2 protein chains.
Amino acid sequence: MPAPAPTLRSLAKLLGLSRTTVSDALRGSPRVDPRTAQRVQQAAREAGYRRNPLAGALMSELRRSRGSAFHGVLAAIDFNEPDRPQDSATYHRELVAGLDARATDLGFKIERFSVGHAGVSVQRLDSILQSRGINGIVLLPAWDEPDLSNLDWARFAGVYTDYIIERPRLHTVCPDHYRSLLSALQLLATRGWTRPGLYLQKHQDERLQYRWSAAFRAFQDSHPQIRALPPLITDHFDRAEFQAWFRRHKPDVVLGHHVEAVDWMQACGARVPATHGFVSINLHMKTRPCAGLDLQPRALGARSAELLIAQLQRNETGIPEWPTTTTLPGRWVEGPTLRS
Amino acid sequence: MPAPAPTLRSLAKLLGLSRTTVSDALRGSPRVDPRTAQRVQQAAREAGYRRNPLAGALMSELRRSRGSAFHGVLAAIDFNEPDRPQDSATYHRELVAGLDARATDLGFKIERFSVGHAGVSVQRLDSILQSRGINGIVLLPAWDEPDLSNLDWARFAGVYTDYIIERPRLHTVCPDHYRSLLSALQLLATRGWTRPGLYLQKHQDERLQYRWSAAFRAFQDSHPQIRALPPLITDHFDRAEFQAWFRRHKPDVVLGHHVEAVDWMQACGARVPATHGFVSINLHMKTRPCAGLDLQPRALGARSAELLIAQLQRNETGIPEWPTTTTLPGRWVEGPTLRS
DNA sequence: GCAAATCTTCCGGACAGTCCGAATCATGCC
DNA sequence: GGCATGATTCGGACTGTCCGGAAGATTTGC
């Protein structure tokens with residue numbers, strides 16, 4: 001018969017102290033006599049006491065927010081960037097939808113906030129969140145490098161829903177671009193395509209640390225039967241540049257973000273999907289029906305909610321010691337720009 | 001002045017019922033009169049009641065486990081592979097150490113099991129785990145593709161601590177090889193190294209879907225001032241092959257797993273660290289002091305424990321609908337094989 | 001027809017750890 | 001001696017859940 005697990009109260013009784021003194025002592029509060037604190041800590045070690053992190057999280061929240069009880073509200077922060085491309089709106093929306101759905105399942109609620117330019121300042125955000133008793137934050141993808149280092153992170157737990165954030169270094173959740181592109185290329189190879197071409201905007205590749213082009217090159221290197229066409233990586237989408245590249249290297253299937261490339265290919269005499277193919281590497285940016293990769297923003301949003309809520313349940317706030325990246329491979333979707 | 005948020009107790013008082021009846025009613029317990037339940041639910045909606053998810057999780061766990069000493073036991077499964085290289089033993093040990101430490105923090109305990117060859121069969125494992133009431137499983141890295149699809153996954157939550165597992169498709173936790181190598185190369189570039197060379201065993205690159213070589217190529221592509229030497233990727237570590245490659249391409253710094261390459265370089269006339277450098281891309285495989293990347297198995301183990309325990313606390317078992325990969329960048333470590 | 005058994009519905013106790021105001025006691029100063 | 005100050009400890013209140021049992025209604029058995 002195993003002995004029941006020691007609790008604050010049983011430990012207190014053992015020591016002839018009150019549960020509060022024991023609690024304060026274990027957390028190193030200056031309100032207790034150092035000698036008492038030491039005695040308590042030793043007794044805790046010997047009794048094998050382990051504090052229940054869930055209870056800790058609950059009580060800390062409950063006591064701190066005095067009255068306006070913890071209601072599990074999470075903030076979704078949108079960076080109001082004027083130069084962000086419009087075509088990422090669908091992706092954003094789906095991300096928030098997944099976030100919302102999963103958070104609701106787990107008993108939390110999402111509220112959206114806008115920061116920068118048309119939105120509030122970071123300092124204002126800090127006081128808004130603190131007065132509302134919100135301490136879980138999801139940062140929606142930003143086009144440029146976001147900076148929220150001015151927030152008082154000791155009070156918050158946060159997740160960024162894109163590859164890299166340095167200010168501060170938080171856990172991130174994002175698509176597995178590398179693996180997604182690799183499996184798309186593998187699928188195309190089994191269907192007989194031998195001259196895949198990649199068309200990217202430079203900024204899109206750089207912000208992912210070249211993961212798109214790296215996967216493309218790695219696939220070429222490991223598949224000798226595939227023609228190693230050089231990818232076209234340009235500063236801006238440009239018809240003339242694309243067509244020069246297309247005519248010169250003659251890809252049979254083009255992979256890229258910009259669906260309008262289909263028109264440009266057809267203007268060069270290619271027939272899509274009869275003779276040539278086009279594959280979108282982010283279907284949420286498409287402006288017309290298309291085959292390609294669904295990067296699954298909805299599932300990413302759900303996963304972000306889980307990650308954040310797990311932190312809150314462990315009562316973990318602040319910048320993580322070892323920030324991690326959680327990735328999800330894309331899902332292949334058939335479409336009219338590729339013959340089956 | 002905002003009204004205080006409604007709680008179970010305030011709602012119960014309003015309705016003239018006890019807090020337990022209200023709680024049961026809101027969770028659809030068959031113990032309450034359906035008419036009462038409906039009345040409660042309507043009142044809750046009108047009052048805008050939202051249950052505190054933290055308190056819910058805590059109490060649910062508390063009541064269910066009825067004062068047992070620990071909240072649960074997790075299984076760490078080791079695949080007993082005869083052909084696994086010996087040099088991964090340190091990495092394994094550190095991984096388990098991190099797992100154990102974090103699990104203990106969170107009120108869980110780790111027990112190790114061995115499967116295959118010298119260990120038990122998968123079917124035997126299934127019955128052992130079920131009879132012991134264990135339902136959280138961490139799979140330690142396997143050299144070949146592990147197969148645990150025969151386990152009755154409806155009862156288990158699992159995490160694999162390496163890149164890819166297909167049988168079944170679980171969440172995984174592993175180093176971010178791509179990002180680690182990229183930042184190591186960037187660091188070397190800022191220190192003036194211009195001819196980095198990569199030396200890999202083929203199997204090591206393939207099981208990571210070419211992430212090592214892809215990062216190496218991506219770095220070369222994006223840094224024109226760096227000489228793009230071809231990586232040496234061989235079936236086995238081979239001195240003659242290495243030296244031929246070294247003499248021909250003259251790398252000034254070599255990155256790889258196999259520290260013995262330092263001897264081979266020196267036999268070719270290179271002086272390490274005076275004129276040339278060597279960087280290990282997995283310091284836990286080193287057989288002598290060395291500069292390089294610590295892939296942080298301890299932190300990975302800790303993260304695996306968190307991921308698994310979060311699933312258990314949400315009461316989620318079975319194969320996840322969308323398996324994700326959680327990665328952690330390596331940490332740069334100085335050493336005697338590289339001048340500062 | 002009435003006691004006993006069964007079922008329905010609701011209630012109360014116990015539980016976790018935290019925070020802050022209040023209580024208690026010792027010490028210093030005039 | 002009286003009062004202010006400081007050091008230390010304590011108690012109350014807080015969240016939602018589970019289960020044993022109370023109270024009352026209904027059915028069963030003879």
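Chain naming here is simple, since letters A, B, ... match the order of the sequence lines and numbering starts at 1 in each. This one's a predicted model, so the numbers in the text were calculated from it and none came from an experiment.
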Please report the distance, rounded to the nearest Å, between [atom1] in [X] and [atom2] in [N].
X	N	atom1	atom2	answer
B:R39	C:dC10	CZ	C1'	12 Å
B:L8	C:dG13	CG	C1'	16 Å
A:L58	C:dC15	CG	C1'	12 Å
A:L26	C:dA16	CG	P	14 Å
B:M59	C:dG13	CE	P	16 Å
A:N52	C:dA16	CG	C1'	6 Å
A:N315	C:dA16	CG	C1'	13 Å
B:R9	C:dC15	CZ	C1'	11 Å

- Task: Would you confirm whether A:T21, through its side chain, and A:L17, through its main-chain N or O, come within 3.5 Å as a donor-acceptor pair?
- Result: no
- Query: Is A:H171 reaching over with its side chain to a backbone N or O of A:V159, donor-acceptor style, under 3.5 angstrom?
  - Reply: no
Side-chain donor-acceptor pairs under 3.5 Å in residues 37-49 of chain A, sequence neighbours left out?
unit_1	atom_1	unit_2	atom_2	d
A:Q41	NE2	A:A25	O	3.1
A:Q42	NE2	A:E46	OE2	3.1

- Taking atom types as they are modelled, is there a donor-acceptor pair under 3.5 Å from the base of D:dG16 to the side chain of B:R27? no
- Message: With hydrogens left out and only the distance checked, is there a donor-acceptor pair under 3.5 Å joining B:R19's side chain and the base of D:dG16?
- Response: no
- Candidates C:dG12, C:dT18, D:dT17 - which lies nearest the side chain of B:T20: C:dG12
Under 4.0 Å between a side-chain N or O of [X] and OP1 or OP2 of [N]?
X	N	result
B:S23	D:dT17	yes
B:S60	D:dG16	no
B:Y49	D:dG16	yes

- Query: Can you list the residues that meet the salt bridge (charged side-chain N to carboxylate O under 4.0 Å, His left out) rule with B:R27, with sequence neighbours excluded?
  - Reply: B:D24
- Note on the structure: Residues at least two apart in sequence or cross-chain that pass side-chain contact (heavy atoms from CB on, under 4.5 Å) with B:A302, listed by chain then number, are B:R102
Check residues 148-156 of chain A and write down every donor-acceptor pair under 3.5 Å in which the side-chain atom is one partner and the other belongs to a residue at least two apart or another chain.
unit_1	atom_1	unit_2	atom_2	d
A:S149	OG	A:D147	OD1	2.6
A:W153	NE1	A:L148	O	2.8
A:R155	NE	A:Q130	OE1	3.1

Quick one: which protein N/O atoms are closer than 3.5 Å to N/O atoms of nucleotides 7-9 of chain D? Pair and distance per line, please.
unit_1	atom_1	unit_2	atom_2	d
D:dT9	OP1	A:T36	OG1	2.8
D:dT9	OP2	A:D33	N	3.0
D:dT9	O4	A:R31	NH2	3.1

- Pick the nucleotide of DNA chain D nearest each of A:G16 and B:A57; which residue has the one closer to the 5' end? A:G16
What donor-acceptor contacts under 3.5 angstrom involve side-chain atoms of residues 92-99 of chain A, with partners at least two apart or in another chain?
unit_1	atom_1	unit_2	atom_2	d
A:H92	NE2	A:R84	NH1	3.4
A:H92	NE2	A:P141	O	3.3
A:E94	OE1	A:R298	NE	3.0
A:E94	OE2	A:R298	NH2	3.2

